[in-house]
Amino acid sequence: MTPTLSELAVGQDIGSRSIDVTRTDLVKYAGASGDFNPIHWNEAFATSVGLPGVIAHGMFTMGSAVQLVTDWAGDPAAVVDFQTRFTKPVPVSDTTGTAEAGAAVEVSGAIGAIDADKGTARVDLTVTCAGQKVLMKAQAVVRLA
């Protein structure tokens, strides 16, 4: 059911989800985005530049997080703005050959503000991995009826 602006209140929870991330997901994203930076697929290279290992693309993390909002709104086009700051990398362990995820990104959202004149609501997202915030000020503005 699509939410309406009149049903919302500041602080209202819109839900949460856990996003399992594998190295295969990163390779697929690299192919789709054209971002073949070796920090996203090559363990030796990633550690040689001071990272804890292979890390997820920032835009992969950002796009995965906002999916909570688009699913809640019922229409990806309802999201008219999305901004965030990247604060920590998402390390993705090599679990090739197993059913295990290399990382789990936890996302939850709540209504942060409502602008009745513009017909929009701001959804504030909390995005963590291994107990650390990986995105800060993750905010999506959604136009609702």
Side-chain angles (χ1 to χ4, degrees), residues 1-5 8 10-115 118-145:
M1 187 156 154
T2 304
T4 61
L5 207 58
L8 301 181
V10 172
Q12 181 178 340
D13 180 40
I14 70 155
S16 62
R17 71 172 42 146
S18 181
I19 303 159
D20 288 339
V21 184
T22 66
R23 296 251 178 117
T24 300
D25 294 328
L26 301 184
V27 171
K28 289 177 183 179
Y29 185 81
S33 69
D35 181 352
F36 295 102
N37 187 323
I39 65 173
H40 303 304
W41 56 269
N42 184 309
E43 185 83 25
F45 183 84
T47 57
S48 77
V49 296
L51 294 169
V54 167
I55 63 169
H57 302 74
M59 295 304 285
F60 174 89
T61 305
M62 185 177 171
S64 297
V66 78
Q67 187 68 46
L68 176 71
V69 179
T70 61
D71 290 349
W72 168 78
D75 178 9
V79 177
V80 296
D81 185 51
F82 181 48
Q83 298 181 28
T84 193
R85 292 184 187 154
F86 301 99
T87 56
K88 298 255 186 221
V90 174
V92 181
S93 300
D94 186 2
T95 58
T96 306
T98 73
E100 303 279 324
V105 176
E106 306 297 331
V107 182
S108 62
I111 303 301
I114 299 169
D115 187 333
K118 292 182 181 176
T120 61
R122 189 189 76 223
V123 177
D124 297 339
L125 296 173
T126 301
V127 185
T128 62
C129 180
Q132 303 230 8
K133 285 191 176 184
V134 295
L135 299 180
M136 295 291 284
K137 292 196 67 128
Q139 300 176 329
V141 177
V142 183
R143 186 172 318 284
L144 300 170

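Numbers here are sequence positions counted from 1.
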Separation of [Y] [atom2] from [X] [atom1] (nearest 0.5 Å):
X	Y	atom1	atom2	result
L5	L144	CG	CG	6.0 Å
W72	T2	CH2	OG1	10.0 Å
I55	F60	CD1	CZ	12.5 Å
M59	T84	CE	OG1	10.0 Å
R122	Q139	CZ	CD	4.5 Å
K88	M136	NZ	CE	10.0 Å

Open item on the list: I'd like to know whether V123 forms a side chain to side chain contact (heavy atoms under 4.5 Å, CB included) with I111, so could you lay out the CA-CA distance, the side-chain angles of the two residues, the decisive distance to 0.1 Å, and finally the verdict.
Closed with: CA-CA 5 Å; V123 177; I111 303 301; 4.0 Å; yes
Open item on the list: For a quick check under 3.5 Å, do Q67 and T70 share a side-chain donor-acceptor pair by atom type?
Closed with: yes
What is the minimum heavy-atom distance between [X] and [Y], and which atoms define it?
X	Y	result
C129	A104	SG-O, 3.5 Å
T95	G102	OG1-N, 3.8 Å
A46	V54	CB-N, 3.8 Å
A65	I19	N-CD1, 4.3 Å
T61	A56	OG1-CB, 3.8 Å
A101	D20	CB-CB, 3.5 Å

- [ ] Name all pairs fulfilling the side chain to side chain donor-acceptor pair (under 3.5 Å) condition that reach into residues 25-44, sequence neighbours left out, sorted by first residue then second.
- [x] T22-D25, R23-E43
Task: Student check: side-chain heavy atoms of L125 and V107 closer than 4.5 Å - done: yes
- [ ] Please answer whether the main-chain N or O of K118 pairs with a side-chain N or O of R143 as donor and acceptor at a distance below 3.5 Å.
- [x] yes
Task: Backbone of G53 reached by a side-chain donor or acceptor of T47 within 3.5 Å - done: no
- [ ] Apply side chain to side chain contact (heavy atoms under 4.5 Å, CB included) to the pair I14 and L68, showing each step before the final yes or no.
- [x] CA-CA 8 Å; I14 70 155; L68 176 71; 4.2 Å; yes
Task: F82 and V69: CA distance, side-chain angles, deciding distance, side chain to side chain contact (heavy atoms under 4.5 Å, CB included) verdict - done: CA-CA 10 Å; F82 181 48; V69 179; over 6 Å; no
Open item on the list: Working note: L135 + F86, criterion side chain to side chain contact (heavy atoms under 4.5 Å, CB included); need CA distance, chi angles, decisive distance, verdict.
Closed with: CA-CA 5 Å; L135 299 180; F86 301 99; 3.4 Å; yes
